[in-house]
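Read through the structure below, which is laid out as structure tokens, and then see the notes.
As the structure lists them, so they are numbered: ligands from 1, and atoms in each ligand from 1.
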Amino acid sequence: MFVSSWLRGVARLAMSATQKPRVVFVLGSPGAGKGTQCKNIMKEFGYVHLSAGDLLREERSKPGSEYGELIEQHIRNGTIVPVEITCSLIERAMHKSGGNKFLIDGFPRNKENLEGWTKNMADRVQLEGVLFLDCPEDVSTARCLGRGAKGSGRSDDNPESLKKRFETYVKDTMPIIEHYEKLDLVHRVDSKQSPKHVFQDIKDIFQQFQ
Ligand code: C5P
Ligand code: MG
């Protein structure tokens, strides 16, 4: 009797652990192809794609947004918005989507992002891994400038903002990737290849997550 109720308790715990929403973080330099590849993954593997940058741009554009101006300043400067704002936008979007597996693209971007996530969200999700789209600066910059020239409408796809975005990436985001590397959670893909080839490599990784 005692043993069977204990076993039921264990089974319940195991259930609730497996039922936590699953999360894959997608990190890489500006122009590494995070948005492009997340769309591919979403279609092929049924994840909900949440881009921290897109959520911030959406919040910035809301009429009367309390944080609109602050967000725009950070975006133009290539610096990182306070985590309370970004994390609550992500949390809200997760609930709203009703999904249970998420690609969180462009987050955590610095130590403060990581700490905010750890404090508020980490226990409530199951982190499957970190997809790292590894792309050298020249290729990344050329892609963003190309995107800007084609009319991406982004206030940060210009040479001045890009330089700062890259500095932030090297100084603040690389240490986060290294942190997850130590935890053996990072799946690195060479993303200077064509989008098609990058996705071939990504598919091999995501098949392991299924
Ligand atoms: O990922 P994406 O290139 O769309 O990000 C654009 C900008 O949004 C970043 O350069 C940064 O200013 C802001 N951002 C942020 N915190 C994040 C993700 C993006 O402040 N976690
Ligand atoms: Mg993006």
Using a strict 4.0 Å cut-off to heavy atoms of [X], name the atoms of ligand 1 that fall inside it.
| X | answer |
| --- | --- |
| His74 | 12 (O) |
| Gly53 | 4 (O), 5 (O) |
| Gly106 | 17 (C), 18 (C), 21 (N) |
| Arg57 | 4 (O), 6 (C) |
| Phe107 | 21 (N) |
| Ile75 | 8 (O), 12 (O) |

Any salt bridge linking [X] with [Y]? Criterion: basic side-chain nitrogen under 4.0 Å from a carboxylate oxygen.
| X | Y | answer |
| --- | --- | --- |
| Lys192 | Asp190 | yes |
| Lys111 | Asp172 | no |
| Asp157 | Arg165 | yes |
| Glu178 | Lys182 | no |
| Glu91 | Arg124 | yes |

Nearest-option assignment for atom 16 (N) of ligand 1, heavy atoms, candidates Asn110, Ile104, Leu162, Ile80 | Ile80
Considering Lys164, Glu112, Arg165, which one's heavy-atom position lies nearest to atom 10 (O) of ligand 1?
-> Arg165
Indicate whether the side chain of Ser155 and that of Glu72 have a donor and an acceptor atom separated by less than 3.5 Å.
-> yes
Give a yes-or-no answer on whether the side chains of Asp201 and Gln193 include a donor-acceptor pair shorter than 3.5 Å.
-> yes
For [atom], grab the closest protein heavy atom and report residue, atom and distance to one decimal in Å.
| atom | result |
| --- | --- |
| atom 15 (C) of ligand 1 | Leu56 CD1, 3.4 Å |
| atom 12 (O) of ligand 1 | Thr79 O, 2.7 Å |
| atom 20 (O) of ligand 1 | Val81 N, 2.7 Å |
| atom 9 (C) of ligand 1 | Arg109 NH2, 3.6 Å |
| atom 3 (O) of ligand 1 | Arg154 NH2, 3.1 Å |

For a ring pair (Phe, Tyr, Trp, His ring centres under 6.0 Å) with Phe25, tell me which candidate from Trp117, Phe132, Tyr47 qualifies.
-> Trp117
Please work out whether any backbone atom (N, CA, C, O) or any side-chain heavy atom from C-beta onward of Asp156 is under 4.0 Å from ligand 1, and answer side chain, backbone, both or neither.
-> side chain
His187-Phe209 aromatic ring centre distance below 6.0 Å | yes
If you measure from OG on Ser88 to OH on Tyr67, what distance do you get to the nearest 0.5 Å?
-> 7.0 Å
Is Asp105 close to ligand 1, meaning an N/O of one under 3.5 Å from an N/O of the other?
-> no
